[in-house]
Structures are given as structure tokens and as C-alpha cells.
Asks: 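The structure follows.
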Amino acid sequence: MTKPIDRLSIQLYSARSITPLEAQFALVAGLGYRMVEPWGGLFNDPDALRRLLDLHGMTAPSAHVGLDRLRADAVGTARLCKGLGIEIVLAPAPPPGEREGGEQEWRGIGRELNEIGKAVTGEGLRFGWHNHHWEYGRAGSGKTYLECLFEEAPDLVWEADLAWIVRGGGDPVAEIKKHAQRLVACHIKDLAPSGQCADEDGWADPGHGIMDWPALRAAMTEAGVSLFVAEHDKPNDVARFARRARETVSSWT
């Protein structure tokens, strides 16, 4: 039986403070990671990404790709990702200026994602969404904007950012259960107690904050989640965060 630690990846955005990219790969590989999740800016040099994946014997089963790139050339972007061995393409957020328009704006994004998804899946990949907190605003009907988006894109898969759900006022256990049929990955991420870790924007290393990991782990198991991606939006010590994330997931049975 595959253990969660065997399906642990790390979002390279968490290591962006380390330069060059080679040093990021060397660090996470040295800590035992065998999978990474690239983010948008790294696709400006896909050859470097391919070289470093090969050098360290790593894979990138999922990746965050900006809506701007997908809008410009969804098929070409999908082919680029496929060439890197990526299996799940995730749009990570609406661009600035497209986040506060309420239900109609989110439904419009959903319809657009539905069309982009046809191009991406047509290349043999899966296409999905990664949430932040904006999606937990509510329409007049009481539905979250995430629900509105999903209604417009029935085939869209989902990577749940568990801590952003909390910051949006949602219950991540309930959300996992509600959208289990879409859920393909989770960002393993934690929140510091109120007033702590201010220099890290209030984020904490996984397992060292206030998130209810036993309940979350049970919900993820029930939902059949098979990809866990460690993330910290602003770690002041990347190695500490990455090490602790592995230790936390290693404790899951």
C-alpha cells in the first residue's frame, strides 16, 4: 500500500527566496523529496526545469500554470507541460482585477476554465483549479464562489489549499467531503496561532500550527487523495519548513 510520504511533492514557490533554481532543487532533493510542483514563472525556462528534474531523478506530477499563459495558448501550454512529464495542470488564481467581481465574475471564470480544460484534456492531461481565499465569498444564494465556478466547469478537477480555505472562512474537512469527486491533490499547509509568525504572514510549517491534521488526514483518505503538496507562502527558513513538512506527512499511516 502506498504511504502518503511516497506521494509527497513540494511547491517550488515556497523556495523562491533561494537562488538560483539549481539550489532549490539541491535543497529539496537533499531532504528526500522526489516530486516537485513547479509554478508559472519557471515555465519561462522549461529546458532548465527539465534538466534539473532529470539531474535529481525527480518528477513533477502537477504544476501551477498562470491563466495568462493558458489564455494565450492552451494547447501549446499543455504540450509544454506534457514534455516535462506533468500530468495535472492547475490554474492557481485569477489575475489581479478579476477576483472581486462577485458571482457573475466567478461564473465567467468557470466557463472560461471549462473551455481551456477541453484543450488541455485533449492533450491527455488533467486540468484543474487551485483555490485561495477569494473563492469563499458567497453569492446571494449562499453558495460559495468556488461552488459557482465548479457549476460552470463540470469536468474541472481541484487541488485544495487547506489553509487558504480556513483563511476564507471555510471548513476544509467539509470542503474535502463536498467536492471529493473533483479532488486530486491537497496543499499541505498550516496556519500559526493568531499573532504569531507575523514575519511569515501568519503561515506555519505543516504540523506546527493550528490545522486539525488528524481530521484532515481522515477526510483526505476517505476522498482518495493521492498527491500531497507541501507549501508555505513565506517561510523564513525554507529548509526548516521543507523538513518539517516531510516529518509531518511521514507520521501519517
Side-chain angles (χ1 to χ4, degrees), residues 1-19 21-39 52-53 55-64 88 90 92 130-131 159-167 171-173 175-176 183-253:
M1 182 177 178
T2 302
K3 298 178 181 179
I5 191 62
D6 296 327
R7 293 294 298 165
L8 177 64
S9 181
I10 186 167
Q11 169 54 253
L12 287 172
Y13 184 77
S14 304
R16 68 194 182 281
S17 62
I18 298 173
T19 55
L21 184 60
E22 286 84 348
Q24 297 177 26
F25 269 86
L27 172 65
V28 299
L31 290 171
Y33 284 89
R34 293 294 172 261
M35 294 186 287
V36 295
E37 184 175 73
W39 58 284
L52 289 167
L53 287 168
L55 177 65
H56 293 283
M58 303 180 88
T59 61
S62 62
H64 284 194
I88 308 169
L90 298 157
H130 166 274
N131 67 278
E159 177 183 63
D161 189 306
L162 303 175
W164 272 120
I165 293 173
V166 176
R167 284 208 166 170
D171 176 349
V173 171
E175 290 297 290
I176 288 170
L183 194 59
V184 295
C186 285
H187 266 194
I188 306 305
K189 191 168 177 177
D190 217 327
L191 292 163
S194 180
Q196 296 186 22
C197 301
D199 64 324
E200 297 182 290
D201 290 347
W203 303 109
D205 299 336
H208 292 261
I210 63 172
M211 300 287 282
D212 185 351
W213 290 109
L216 288 165
R217 173 65 184 133
M220 288 188 287
T221 298
E222 184 178 351
V225 177
S226 60
L227 182 61
F228 308 93
V229 184
E231 187 183 46
H232 188 310
D233 281 24
K234 194 181 177 185
N236 59 24
D237 184 332
V238 176
R240 182 210 66 217
F241 145 69
R243 184 181 66 254
R244 283 178 163 183
R246 278 191 60 81
E247 289 170 351
T248 292
V249 175
S250 292
S251 73
W252 296 350
T253 56

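Count residues from 1 along the sequence. What you are looking at is a predicted structure, and each value in this text was computed from that prediction instead of being measured.
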Asks: Start with the C-alpha distance between W252 and I188, add both sets of side-chain angles, then the distance that settles side-chain contact (heavy atoms from CB on, under 4.5 Å), and finish with yes or no.
Replies: CA-CA 12 Å; W252 296 350; I188 306 305; 3.9 Å; yes
Asks: Below 6.0 angstrom between ring centroids: does that apply to H232 and H208?
Replies: no
Asks: For R217 and T221, does a side-chain donor sit closer than 3.5 Å to a side-chain acceptor?
Replies: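 Present: a donor and an acceptor within the cut-off.
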Asks: Please list, chain by chain and in numerical order, all residues satisfying ring pair (Phe, Tyr, Trp, His ring centres under 6.0 Å) with W39, sequence neighbours excluded.
Replies: Y13
Asks: Quick one, V28 with M58, criterion side-chain contact (heavy atoms from CB on, under 4.5 Å). Give me CA distance, side-chain angles, the key distance, then yes/no.
Replies: CA-CA 10 Å; V28 299; M58 303 180 88; 4.1 Å; yes
Asks: Please check if any side-chain donor atom of S14 sits under 3.5 Å from a side-chain acceptor atom of E231, or the reverse.
Replies: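 E231 and S14 do not have a side-chain donor-acceptor pair below 3.5 Å.
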Asks: Locate the shortest heavy-atom distance separating H64 from P92; write the atom from each residue and the value.
Replies: ND1-CB, 3.5 Å
Asks: Is the NZ or CZ atom of K234 positioned over W203's six-membered ring, under 6.0 angstrom from the centre and within 45° of the axis?
Replies: no
Asks: Could you measure the distance from the CG atom of L90 to the CD atom of E159? Nearest 0.5 Å is fine.
Replies: 5.0 Å
Asks: Verify, without hydrogens or angle tests, whether S251 (side chain) and T248 (backbone) share a donor-acceptor contact under 3.5 angstrom.
Replies: yes
Asks: For P172 versus L162, what's the shortest heavy-atom pair and its separation?
Replies: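 Heavy-atom minimum between the residues: CB-O, 3.9 Å.
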Asks: Between atom OG1 of T59 and atom CG of L53, what is the distance when rounded to the nearest 0.5 Å?
Replies: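 Spacing of OG1 (T59) from CG (L53) equals 7.5 Å.
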Asks: Could you walk me through whether V173 and I176 pass the side-chain contact (heavy atoms from CB on, under 4.5 Å) check?
Replies: CA-CA 5 Å; V173 171; I176 288 170; 5.6 Å; no
Asks: Which residues pass the side-chain hydrogen bond (donor to acceptor under 3.5 Å, both in side chains) test with H56, not counting sequence neighbours?
Replies: none
Asks: Looking at CZ of R167 and NZ of K189, how far apart are the two atoms once the value is rounded to the nearest 0.5 Å?
Replies: 8.0 Å
Asks: For the side chain of R7 and the backbone of T2, is there at least one donor-acceptor N/O pair under 3.5 Å apart?
Replies: no
Asks: Which residue pairs satisfy the salt bridge (charged side-chain N to carboxylate O under 4.0 Å, His left out) criterion with at least one member in residues 221-230, sequence neighbours excluded?
Replies: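 Residue pairs passing salt bridge (charged side-chain N to carboxylate O under 4.0 Å, His left out), neighbours aside: none found.
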Asks: How far does CE of M35 sit from CZ of F228, to the nearest 0.5 angstrom?
Replies: 9.5 Å
